Amino acid sequence: MSFGGFNENQNSAPMADINVTPMVDVMLVLLVIFIITAPMFTHALKLDLPTAQSAPAPEKPETITLGIDAAGKLYWNDQPVSEEEMDSRLAAAAGKKPQPELQLRADKSTRYQTIAEVMSAAQSAGLTKLGFVTDPKAGSKTHAKAN
């Protein structure tokens, strides 16, 4: 026997043989599982799918940045403009297809009246997409140091 016998006179040397029977049993079980499940992976349905054509994705409209500093001066894409020139540019932008998005950047000390006048001029020109650009608050409450 490989584990020793009933004879007490033998040397009790360590067993040098590897018992591969459990490993062969596991491998045979895995082989049977793969043989059974392999046909399920190759099974496919034959479908006659309909065809459809979609319209091309709409192009992204341009973005116009309109800045207002604390003194009320206007900047069209970082270029200074007068109020009359801004009105003509707003009208030209409203006629474009697709209509551009107007992003309004105003200094925090700009008078609200100036901002309202610019918004009214944009609406009168026919622009419908208007957004406000802000900076994230530097000293947010979540980062404040507790005493």
Side-chain angles (χ1 to χ4, degrees), residues 1-4 12-147:
M1 297 183 106
S2 62
F3 292 108
S12 60
M15 182 177 66
D17 298 330
I18 297 175
N19 191 1
V20 295
T21 306
M23 184 177 70
V24 171
D25 289 344
V26 169
M27 295 305 286
L28 287 174
V29 168
L30 288 174
L31 180 66
V32 169
I33 290 172
F34 283 125
I35 289 173
I36 292 172
T37 59
M40 292 181 196
F41 294 132
T42 60
H43 181 69
L45 288 175
K46 303 234 184 230
L47 296 176
D48 187 17
L49 296 174
T51 58
Q53 298 216 357
S54 63
E59 61 184 63
K60 189 173 180 179
E62 81 174 281
T63 302
I64 299 170
T65 304
L66 187 61
I68 307 171
D69 65 3
K73 293 182 183 174
L74 302 170
Y75 297 91
W76 186 277
N77 289 335
D78 298 328
Q79 302 296 323
V81 294
S82 65
E83 287 186 33
E84 296 80 21
E85 190 177 355
M86 180 197 63
D87 290 337
S88 65
R89 287 188 180 188
L90 286 173
K96 291 182 179 178
K97 298 288 183 209
Q99 197 175 67
E101 178 181 344
L102 181 66
Q103 292 183 348
L104 191 60
R105 293 182 342 185
D107 191 88
K108 66 180 177 180
S109 58
T110 304
R111 295 189 63 208
Y112 179 73
Q113 179 182 354
T114 308
I115 297 170
E117 288 171 357
V118 170
M119 290 172 51
S120 175
Q123 185 179 13
S124 298
L127 286 172
T128 58
K129 297 179 182 177
L130 177 67
F132 292 95
V133 179
T134 61
D135 285 331
K137 189 173 182 180
S140 82
K141 293 180 183 178
T142 58
H143 299 289
K145 192 174 184 180
N147 290 336

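Quantities reported herein were computed from a predicted structural model and do not represent experimental measurements.
One finds the OG1 atom of Thr134 at 11.5 Å from the CG atom of Leu104 (value rounded to the nearest 0.5 Å). To the nearest 0.5 Å, atom CZ of residue Arg105 and atom CG of residue Asp69 are 11.0 Å apart. Here Ile36 contributes atom CD1 and Leu31 contributes atom CG; the two are 10.0 Å apart, rounded to the nearest 0.5 Å. Note that CG of Leu127 and NZ of Lys129 are 10.5 Å apart. Values are rounded to the nearest 0.5 Å. Annotation: the span from Ile68 atom CD1 to Met86 atom CE amounts to 8.0 Å, rounded to 0.5 Å. For the atom pair Asp107 CG and Thr114 OG1, the distance stands at 11.0 Å (nearest 0.5 Å).
Glu117 CD: more than 12 foreign heavy atoms inside a 6.0 Å radius. Within 6.0 Å of atom CZ in Arg89, more than 12 heavy atoms from other residues, nucleotides or ligands are found, so the atom counts as buried in its surroundings. Surrounding CD of Gln123 are at most 12 heavy atoms belonging to other residues, nucleotides or ligands under 6.0 Å away.
Contact check for Leu102 versus Leu90: side-chain heavy atoms found under the 4.5 Å cut-off.
For Gly126 against Ala94, the heavy-atom pair with the smallest separation is C-CB, 3.9 Å.
Judged by distance alone, the side chain of Thr65 and the main-chain N or O of Asn77 form no donor-acceptor pair under 3.5 Å.
With sequence neighbours excluded, the residues forming a side chain to side chain contact (heavy atoms under 4.5 Å, CB included) with Pro80 are Tyr75, listed by chain and number. Residues forming a salt bridge (charged side-chain N to carboxylate O under 4.0 Å, His left out) with Asp135 (at least two apart in sequence, or on another chain): none.
Among the candidates Gln99, Lys96, Glu101, the single residue satisfying the side chain to side chain contact (heavy atoms under 4.5 Å, CB included) test with Glu62 is Lys96.
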